[in-house]
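The structure under discussion is supplied below as structure tokens; questions concerning it will follow.
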There are 2 protein chains.
Amino acid sequence: MTSKKEIQEQRVRGYFIAATKEILKSEGLKSVSVRNIADRAGYSFASLYNYFKDAKELVFLCVKDFREECIAYAQEKAASKPAGAKHLKAVTLAYLEYFIQYPGIHDLFFNEKLSDIGHTGDTTSLVVSLLETLSESDWQHIAKHEKLSGKEVGHRQSALLLGTTGILSLYLNRRYPATYEAFLKQAGNFIDQQINQAK
Amino acid sequence: MTSKKEIQEQRVRGYFIAATKEILKSEGLKSVSVRNIADRAGYSFASLYNYFKDAKELVFLCVKDFREECIAYAQEKAASKPAGAKHLKAVTLAYLEYFIQYPGIHDLFFNEKLSDIGHTGDTTSLVVSLLETLSESDWQHIAKHEKLSGKEVGHRQSALLLGTTGILSLYLNRRYPATYEAFLKQAGNFIDQQINQAK
DNA sequence: TCAAATTTTGAACAGTGTTCAATATCTTTG
DNA sequence: CAAAGATATTGAACACTGTTCAAAATTTGA
């Protein structure tokens, strides 16, 4: 009967995680500090170390939740579009929108260096596979419809991941392009270019 | 005759800048601190504030120098290739290599948030125009040779910027792909794909 | 109830950035 | 040349980081 203790422990861990998620969404990664998290959770800063190795571990536990939220957001936004190129474009744009909405989560997913090598691999695959998960079925649809080779599809899929990563990085870190309208136009152009290119 | 004072002031500023560049190249952005810079420059940490607003201003003064260094490196590396697609690919790969060699400079160019809005615009254009500067003449050569429209060239050029930015971000921040060989292969594939695509 | 186990906590230390008054050094002038 | 003034340099001090650890508070079990 150790479950009673474990249940309570998990509950407290949940309070810390919820507090961290709040801070990441509202103020971003730069406002995440041991004392800030503990204050919101209703505990002393020292208590955090009884449940987590440090604040970084806490932060990266949020990645999985945000990933799920992003998938739900993008799928809901693109639900009305027919499978294939149109749905692929919609889902990709919604994916971009999610990170524009929460720049702190983008930082967390793409910028933050991961010191713990143990956790690094997991987080990286979670991040990299996100767009793949969202677009997988559409690419299959396109491949079948346009009679493309698996290799060719892989190349286009890869190009879309690389390009969208760059688009987000430049817009959120460098304010390039300068306006959201220009950003959307550039994103739309790039997506069309990669989907429709004829080899 | 205020020039004597200005000369000396510029000299001291140069000492701080040189110290900052050393740290950025060797230990990276995370090791840049007011006390660390001042120690290397041979001054007290407080003196730094007599010449610069803060350490960030100092860091971003290094951007221009690194930009020049990157251009020289890439042009030298690609010098033997004939103008056009081959030179474009070589110069782009060398551009990537430069940032792989100095991850701290990549951080500085693409990740670091810029608080001072006054300096932001300048830095952004310096960063964004780097690859354009390196590839401009090759794109003109390709456009002439393949009879492409200016719009079409612009789209491909933009795609190359976005994709290479994503490639660097994923490899340096997320260790994706896991090996340098895979990174080079992915980069080569992407560059070929963007240069040779037939609309 | 009371002792034992456990959780919670604040003090303390070593780092950050930043400001400011005191100190040291040059420069000018009488 | 020496005193006075201007300028450059500096360390103390403050507020913030992360982290550890022994003491205090709490819960648990007999």
Side-chain angles (χ1 to χ4, degrees), chain A residues 1-20 22-24 26-62 104 107-108 111-116 118-119, chain B residues 1-20 23-24 26-62 104 107-108 111-116 119:
Chain A
M1 259 304 175
T2 53
S3 63
K4 222 188 294 180
K5 198 205 305 193
E6 280 175 16
I7 287 176
Q8 293 186 353
E9 190 173 319
Q10 275 307 115
R11 245 201 286 268
V12 177
R13 285 173 65 91
Y15 300 149
F16 280 103
I17 294 175
T20 308
E22 282 177 28
I23 298 171
L24 281 172
S26 56
E27 298 159 66
L29 197 55
K30 65 191 172 303
S31 289
V32 172
S33 75
V34 176
R35 286 167 175 80
N36 197 353
I37 294 171
D39 281 352
R40 291 213 189 207
Y43 285 87
S44 159
F45 60 87
S47 297
L48 189 146
Y49 291 95
N50 298 327
Y51 296 92
F52 306 93
K53 189 198 163 198
D54 54 27
K56 280 183 185 175
E57 181 189 344
L58 201 34
V59 160
F60 287 107
L61 285 174
C62 300
D107 257 22
L108 174 57
N111 288 348
E112 189 58 12
K113 300 291 182 308
L114 317 159
S115 51
D116 295 31
H119 280 192
Chain B
M1 262 299 177
T2 54
S3 64
K4 223 188 293 179
K5 199 207 301 192
E6 280 173 16
I7 287 176
Q8 293 187 354
E9 190 174 319
Q10 274 308 115
R11 243 201 288 266
V12 177
R13 286 173 64 92
Y15 299 149
F16 279 104
I17 293 175
T20 308
I23 297 170
L24 281 171
S26 56
E27 298 159 67
L29 196 55
K30 64 190 173 305
S31 289
V32 171
S33 75
V34 177
R35 285 168 177 80
N36 197 352
I37 294 171
D39 281 352
R40 292 212 188 209
Y43 286 87
S44 160
F45 59 87
S47 296
L48 189 147
Y49 291 95
N50 297 327
Y51 296 92
F52 306 93
K53 190 199 162 197
D54 53 28
K56 281 183 185 175
E57 181 188 342
L58 201 34
V59 162
F60 286 107
L61 285 175
C62 301
D107 258 25
L108 174 57
N111 290 347
E112 189 60 10
K113 299 290 182 306
L114 318 159
S115 52
D116 295 31
H119 281 192

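Labels below follow one simple rule: chain letters A, B, ... track the order of the sequence lines, proteins then strands, and each chain is numbered from 1.
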Checklist entry - C:dT7 P sits how many Å from A:F16 CZ, rounded? => result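 One finds 13 Å between P of C:dT7 and CZ of A:F16, rounded.
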Next on the checklist: For B:Y51, give me all partners under side-chain contact (heavy atoms from CB on, under 4.5 Å), at least two apart in sequence or on another chain.
Outcome noted: B:E9, B:V12, B:R13, B:F16
Checklist outcome for this item: Expected string for nucleotides 15-29 of chain D under the B/S/- scheme (protein heavy atoms, under 4.0 Å, primed atoms plus P, OP1, OP2 as sugar-phosphate) is --SBBBB--------
Checklist entry - What is the distance from CD1 of A:I7 to C1' of C:dT7, rounded to the nearest Å? => result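 Spelled out: CD1 on A:I7 to C1' on C:dT7 is 18 Å.
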Checklist entry - Any side-chain heavy atom of B:L24 sitting closer than 4.5 Å to one from B:T20? => result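 With C-beta onward as the side chain, the pair touches.
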Next on the checklist: If I take atom CD in residue B:Q10 and atom P in nucleotide D:dA8, what distance separates them, rounded to the nearest angstrom?
Outcome noted: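 Rounded to whole Å, this separation is 13 Å.
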Item to check | Atom pair distance, as rounded to whole Å: CG in A:L48 and C1' in C:dT8 | outcome: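 From A:L48 CG to C:dT8 C1': 13 Å.
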Next on the checklist: Are B:I17 and B:F52 packed together at the side-chain level, in the sense that at least one heavy-atom pair is separated by less than 4.5 angstrom?
Outcome noted: yes
Let me check something: any side-chain donor-acceptor pairs from residues 41-49 of chain A under 3.5 Å, sequence neighbours excluded? List them with distances.
residue, atom, partner, partner atom, Å
A:S44, OG, A:A46, N, 3.2

Checklist entry - Whole Å only: how far is the CD1 atom of A:I37 from the P atom of C:dT8? => result 16 Å
Item to check | Sequence-distant partners of B:E27, side-chain hydrogen bond (donor to acceptor under 3.5 Å, both in side chains), two or more places apart | outcome: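 Result, side-chain hydrogen bond (donor to acceptor under 3.5 Å, both in side chains) vs B:E27: B:S31, B:R40.
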Next on the checklist: Please enumerate all residues that pass ring-ring contact (aromatic ring centres under 6.0 Å, His included) together with B:Y15, with sequence neighbours excluded.
Outcome noted: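 Residues passing ring-ring contact (aromatic ring centres under 6.0 Å, His included) with B:Y15: none at all.
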Checklist entry - Do the side-chain N or O atoms of B:S44 get closer than 4.0 angstrom to the phosphate oxygens (OP1, OP2) of D:dT9? => result no
Checklist entry - Rounding to a whole Å, what distance do you find between A:E6:CD and C:dT7:P? => result 12 Å
Checklist entry - Does a side-chain N or O from B:Y51 land closer than 4.0 Å to OP1 or OP2 of D:dA8, or not? => result no
Checklist entry - A:N50 has an atom CG; how far is it from atom C1' of C:dA5, in whole Å? => result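 These atoms are roughly 14 Å apart.
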